[in-house]
2 protein chains.
Amino acid sequence: MNSLTEENYLKAIYKLVAGEKGAVTTNAIAQKMNTKAASVTDMLKKLSDKKLINYEKYYGVKLTIKGEKIALTIIRKHRLWEMFLVEKLEFGWDEVHDLAEQLEHINSEKLVEQIDKFLDYPKVDPHGDPIPDSNGKLQIQKSALLSTFKKNEVCMMTGVVDHSPTFLQYLAKTELTLGSTIKINDINDFDRSLQIAVNKGKAFFISNEVAKNILATAKQ
Amino acid sequence: MNSLTEENYLKAIYKLVAGEKGAVTTNAIAQKMNTKAASVTDMLKKLSDKKLINYEKYYGVKLTIKGEKIALTIIRKHRLWEMFLVEKLEFGWDEVHDLAEQLEHINSEKLVEQIDKFLDYPKVDPHGDPIPDSNGKLQIQKSALLSTFKKNEVCMMTGVVDHSPTFLQYLAKTELTLGSTIKINDINDFDRSLQIAVNKGKAFFISNEVAKNILATAKQ
DNA sequence: ATTATTTTTTAGACTAGTCTAAAATTTATT
DNA sequence: AATAAATTTTAGACTAGTCTAAAAAATAAT
C-alpha cells in the first residue's frame with residue numbers, strides 16, 4: 001500500500017502531466033504540493049523505487065502505467081465523493097473539494113463501488129470532469145457542460161449527463177447527437193437558454209436545463 | 001487539532017475507563033493500541049501537555065472533560081458511519097468496523113451533521129450502542145437489544161430501535177414501555193421468539209423481530 | 001564559449017510516532 | 001521489612017516526511 005503522502009504526489013503529477021505533453025518538473029510538483037524542491041526530490045526517489053514513476057535526474061518525471069492507475073483510482077474516489085456530498089448530503093459544489101481530499105484516501109474497494117452504485121454509476125461530475133471506472137480507465141474525454149460555453153464558441157457534443165429515455169428521446173428529435181458540431185449563437189441572460197446551430201444547420205433554442213445535461217469539448 | 005494517533009489514544013482510553021472505575025494503566029493502553037508501553041508513555045506526556053488527560057506517573061490516566069468530549073465525538077462519528085454503511089450502502093454489520101475506524105477521523109462538522117440527518121438522527125446503532133449527540137453527550141445508557149439476552153435474564157427496557165407509529169402502537173397494547181422490567185422466560189430455538197413476563201405479570205410471546213427493536217439493560 | 005542564473009540534488013537536521021534495552025518505581029512475596 | 005517480580009519511565013535509535021543551506025547540473029545571457 002501507498003501512504004497518503006505518496007498518493008497525493010501521484011495525483012499531483014497526474015494533474016501536471018495532463019497539462020503538459022512532456023515530463024513534469026520538480027519545482028512544478030513542489031508548488032502544487034506546497035512543499036520545497038528538496039522534499040519533492042526525496043519523494044521522487046521513493047516513488048521511482050516503487051516503480052510508480054519514471055524519474056530522470058535533473059530532467060523530470062512521468063507516471064508509469066501502475067502509477068497512473070493509482071492516480072486515477074484516487075481521482076475516481078475524489079469525484080464520487082464530491083458527487084455523493086452534493087447529491088445526497090446537500091453540500092454545495094463550492095464546499096466539497098477539501099472534504100473530498102480527505103475522503104479520497106479512505107481505503108476500501110467495496111465502499112467505492114457501493115457509493116458508485118448508490119449514485120447510479122455517474123460518468124461525469126457536474127463540473128463535466130469524467131469519473132474513471134473501477135479499473136482506472138477514463139471512459140470519456142474531459143468535457144464541459146454545454147451550459148458553460150460562451151457566445152460564439154464552437155464545440156463538439158461528447159455525451160450527456162442525464163441518460164433517461166425522456167431526455168434521449170428529446171435529443172433524438174433535434175440534430176443533437178454524439179459528434180454533432182454546436183455553435184452557440186446567443187445566450188439569453190435571463191434564463192440562460194441558448195440559441196444554437198447544429199452542424200451549421202438552422203438555429204434553434206434549448207433551455208439551460210437541457211444545456212446542463214449535454215457534454216461537449218471545445219473545437220479548434 | 002489533534003493527530004489521528006492522538007485521537008486513537010483518546011478513544012482507547014475512553015473505552016478502557018468505561019470498563020474500570022479507576023485510572024487506566026499504561027500496559028492496558030499499549031495492549032489496546034498494539035504498541036509498546038514506552039510509546040504509550042510518550043503519548044501520555046503529550047496528551048497531558050494538551051490537557052486532554054490527567055496523567056500521574058506510575059499510577060495511571062483519566063480523561064479530562066475536554067479529552068472525553070473529543071473521544072465521544074470520534075465515537076459519534078464511528079457509530080454514524082457504521083449506521084450509514086449498513087443502512088444505505090448494503091454493508092453487513094460484521095464488515096463495517098475497520099472501515100469506520102478510517103472514516104471516524106474525517107474532519108468535517110458539517111459532514112457528520114448531514115450524515116446524522118440523512119440517517120434521520122439515530123439514537124443507537126443496531127448493537128444497542130448509543131450514539132453521542134453533536135455536543136458529545138450520551139443521551140441514553142448503553143443498552144443491548146432484547147434479542148441478545150439469555151433465558152432467565154431480567155432486564156429493564158430503555159428504548160426502541162424502530163420509532164414508527166405502527167411499532168409503538170403495538171407496544172402500547174402490551175405492558176412494554178420505558179422502564180418496564182422484563183424477564184426472559186424462554187427462547188424458541190427455531191424462530192428466536194421469546195416468552196417474556198413484564199413487571200412480574202402474565203407471560204406472553206414476542207417475535208424475534210419485535211425483540212430486535214427493543215433496547216434493554218441488564219438488571220442487578 | 002564562457003560566465004551568470006536558475007533549477008535540482010545532496011547533506012544534514014528536525015518532528016511525530018515508533019521501537020529496544022536499561023533504569024526507576026511500584027507491587028507482591030517471602 | 002527485605003527482596004523478588006512486574007510495571008512504568010527514560011534514553012537512545014529508527015522511519016517518513018519535512019526543512020535549510022550548500023553543491024551540482026542545466027539553462028540562459030552575454
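Residue numbering restarts at 1 for every chain, and letters A, B, ... go by the order of the sequence lines.
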Requested in this report: Grab the CG-C1' distance between B/N34 and C/dC19 for me, whole Å please.
Outcome: 14 Å
Query raised in the report: Has B/Y58 got a side-chain N or O lying under 4.0 Å from the OP1 or OP2 atom of C/dA23?
Result: no
**Report entry** CD1 on B/I13 to NZ on B/K62, rounded to 0.5 Å
**Finding:** 13.0 Å
Query raised in the report: Taking atom CD of B/E95 as the centre, does the number of heavy atoms from other residues, nucleotides or ligands within less than 6.0 Å exceed 12?
Result: yes
Report task. For A/M43 and C/dT10, give me the distance from atom CE to atom C1', rounded to whole Å. Result -> 17 Å
Query raised in the report: Which nucleotide, C/dT18, D/dA21, D/dT9, lies nearest any side-chain atom of B/Y9?
Result: C/dT18
Query raised in the report: Does A/E113 pair with A/R76 as a salt bridge, N-O distance under 4.0 Å?
Result: yes
Query raised in the report: Whole Å only: how far is the CG atom of A/L44 from the P atom of D/dT18?
Result: 12 Å
Query raised in the report: Aromatic ring centroids of B/F84 and A/F84 under 6.0 Å?
Result: yes
Requested in this report: Mind calculating the distance between CG (A/N2) and P (D/dA16) to the nearest angstrom?
Outcome: 13 Å
Requested in this report: Would you tell me if any nitrogen or oxygen in the side chain of B/K57 comes within less than 4.0 Å of OP1 or OP2 on C/dA24?
Outcome: no
Requested in this report: Could you pick out which residue, A/D42 or A/Y59, lies toward the 5' side of DNA chain D when each is mapped onto its nearest nucleotide?
Outcome: A/D42
Requested in this report: Whole angstrom is fine here: how far is it from CG in B/N8 over to C1' in C/dA16?
Outcome: 14 Å
Query raised in the report: Is any side-chain N or O of B/N27 closer than 4.0 Å to OP1 or OP2 of D/dT8?
Result: yes
Query raised in the report: Do the side-chain N or O atoms of B/Y55 get closer than 4.0 angstrom to the phosphate oxygens (OP1, OP2) of D/dT9?
Result: yes
Query raised in the report: For the pair made of CD in A/E56 and P in D/dA25, what is the distance, rounded to whole Å?
Result: 15 Å
Report task. Considering just the side-chain nitrogens and oxygens of A/K36, establish if one lies under 4.0 Å of OP1 or OP2 belonging to D/dT20. Result -> yes
Report task. Describe the nucleic acid contact of A/T41 in one word from base, sugar-phosphate, nothing, applying a heavy-atom distance below 4.0 Å. Result -> base
Query raised in the report: Can you tell me how far the CG atom of B/L80 sits from the NZ atom of B/K117, to the nearest 0.5 Å?
Result: 14.5 Å
Query raised in the report: What is the distance from NZ of B/K45 to C1' of C/dT18, rounded to the nearest Å?
Result: 14 Å
Requested in this report: Please state whether the phosphate of D/dA16, meaning OP1 or OP2, lies under 4.0 angstrom from any side-chain nitrogen or oxygen of A/T5.
Outcome: no
Report task. Round to a whole Å and report the spacing from NZ of A/K50 to C1' of D/dA16. Result -> 11 Å
Requested in this report: Taking only the side-chain nitrogens and oxygens of B/S39, find out if one of them lies under 4.0 Å from OP1 or OP2 of C/dC19.
Outcome: yes
